[in-house]
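Proteins get letters first, then strands, A, B, ... in listed order; numbering begins at 1 in each. All values below were derived from every heavy atom in this structure, side-chain atoms included, with hydrogens, water molecules and symmetry-related copies excluded.
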Amino acid sequence: MEGCESTEELCSNSLYPCPSVLLRVRLLSERKMPLFRYAFSSMGSPCEIQIEADDESIARAAALKAQAEVARLDEKYSHYRDDNWLARLCASAGSGQAVELDEEAANLIDFAAALHAQSDGRFDITAGALTKLWDLQSGRVPTRADIDTARAHVGWHRVTWRRPFLSLPVTGMRIDLGGVVKEYAADRAAEICRNHGAQHGIVDLGGDLAVIGAHADGSAWLAGIKSPRNPQRVHASVELAHGGLATSGDYERVMIVDGKRYSHIVDPTSGYPVESFASVSVLADSCLVAGAASTLAMLFGVERGGRYLRELGLPYLTIDADGRAGGSRAI
Amino acid sequence: MPRSSASLTALLTAAAALLPAAPSPAAESDESNTRASYRFSEYDENALNGPVIGDPQRYRVLSQQLDVDTKLDGGAWGLKLDATHEVMSGSSPWFVEPDAKGRPVQVLSGATIRDHRSALSVALTQGPGTSANTTYTASYSAERDYRATAVGVEHSQPLDAATTLGYGGSFSHDLLRPTDAAIYGRIERATKNTASAFASLAWVLDRDSVLQAGVQLNLERGFLSDPYKLFAYGDQVLPEQRPGRRTEAAGLLRYRHSFARLDAALHLDYRYAQDSWGLTSHTLEASWYQSLGNGWRLVPSLRWYGQSQARFYAPFLIAPEGQRYYSGDYRLGTFGAFSTSINVRKAIGRWEFSLGAEHYHSAKGLALGGGGAAVPALVDFTRAWAGLDYGFD
């Protein structure tokens, strides 16, 4: 009793029983190890690698190696370039000639082929012509004839894929691996950071996240999932101790014509956009699997996509067109 | 691990060739599962200046604290143990007498007090590091004339993922057995119970900032007077008398903002409290957490506190009118205080060293609005501390 310094001390001490909810949100100040952040731009997105390390030189070296790997993948798989194997493949489309793929590209094509099968044809890396047709800036709905013309250039089932040889059957057909490469690159970047001595960190490639390792004190990274209709706002925050988080959605890319809403998610089997979630986020042991699960759920639409996510059993969060959130208990 | 459904197995099989051999999450969370920290601090009150009777040297407290923080059951539970030992010495304000002109003269306890306090607390958290977690706490503190036992529970629950609800409660039972009770006519044995409940909401405002708002209710029942304080009541000097109940309601706001480019964070806290004794208080605190690279961290803080006096506070009563409650304890008067502190931390591998100091100055003029009766025994103090942390495998 005599030990009490003042009423003030008593009062302010009574603050401490308050719950530590704030501490869960990890601010810089509460870290035990300094954090180094490396921002860059790749794959058409803002990217960042964050690494906690005692020594800045280790963090920087790891981040630079990882960044170089992301740049390599961007160059190799971008369908905007005219000097990579994809450009050669497109140039040879319809000629009956096959292009020989290396191990990594073949693995990616195998993965895309498996997703095509698992989504009953909805996930299709040849769907570029359709997606382009539903150019959402134009503000008009394509005619049935336009859609049929585009569909003539679409269809993975028409492609000849005999590993490692790939040939496209129709002139004008294109391959777009954008739906898997960014997530794959995030996993690769995280792995390269680990191989270069970074133990605690996270890779963010335009919202696709891969954990290098949990925070130095073992706690999880906290990721904010933006609200699809109001990207300034964080709709949810998710804890990531390992693995990856990927989000698919039609952020700001919705067209409304005559009161009907068209998303940018086109189902190549029908040729029309899918009525789906505004966004789907999935947590998995890798960003690649998280990305595939969220993309497939988007393509399946609200009802089947919801069932698919529940069946997968991975932690997920969905936000529907009206901004309502749904998801597994784990998020 | 999620259960492997047929669709998940299909997805994982398809991805297998592209996936790195990822380290298992269990292996990662095994890192530094246990942290131990030791802290030593010295608290020194400045000698009283102004008219005093007795030794103007005031309190000095040396404390040592050992914390161990570990995970149990593969990380499903967090256990925190805290042991504290303090040695207190010095004299403390006893009562205030009017001099011939009615001006207050502080009388200090003649004999130097020497006591020590030992305390142990345990906190067990279910699901540490997850969004929904529950913490159970228990603590026991003992000194020669005082025993305190407390238990508590708190829970945090995400509502819509950007919002987290926290709530909880605690109960404490204190037993007082003042020394030299027979000689000084003090109460020989008394008890005091405190029940607290609180609730808070925290919002993640954006990537860099969080706001928390909370309310708290404290109910105290029992012997709430300080058994060592006397009061000049007319011609007599009597043990002070405070009501046997006190209800306090408080509201608090906490704001945290990180500045990624500066590698720094700002913490702003405000607390308002009002109690049934008529005492209102405001606390405003700002801290800046700055990382300096190479494991160095600097945290300067500023804190202002202001309170208005309890209804029954007076330094003394020259002509009492049958007041039931009276106390001249400076801690119940109107005053304000300003404190500045700095903390430096340096991490080297598994070790972290910290050094800090605080200076606290209180004065009537620092209170909001001023007014109220004279408070002659206001304290100024300095506190300095040093500590080290170690993270085990």
task = Would you mind checking which part of A:Glu56 comes under 4.5 Å of any heavy atom in chain B, side chain (CB onward), backbone (N, CA, C, O), both or neither?
result = neither

message = Please classify the contact between A:Ala190 and chain B as side chain, backbone, both or neither, with a heavy-atom cut-off of under 4.5 Å.
response = neither

ask   = Relative to the ring of B:Phe381, is the ring of B:Tyr43 parallel (under 30°), tilted (30 to 60°) or perpendicular (over 60°)?
value = tilted

request  = Using only heavy-atom distances, determine whether the side chains of A:Tyr77 and A:Glu104 contain a donor-acceptor pair under 3.5 Å.
outcome  = yes

query = Quick one: what part of A:Phe111 sits under 4.5 Å from any heavy atom of chain B, side chain, backbone, both or neither?
reply = both

remark   = CG of B:Asn133 to CD of B:Glu154, rounded to nearest 0.5 Å, is 8.0 Å

Basic-acidic side-chain contact under 4.0 Å: B:Arg117, B:Asp145 = no

request  = Sort A:Asp110 into side chain, backbone, both or neither according to what part of it lies under 4.5 angstrom from a heavy atom of chain B.
outcome  = neither

request  = Pick one of side chain, backbone, both or neither for A:Leu108, based on which atoms fall under 4.5 Å of a heavy atom in chain B.
outcome  = both

key: Other residues, nucleotides, ligands: >12 heavy atoms within 6.0 Å of B:His282 NE2   = yes

request  = Name the member of B:Gly169, B:Gly214, B:Ala15 that forms the most heavy-atom pairs with chain A at distances under 4.5 Å.
outcome  = B:Ala15

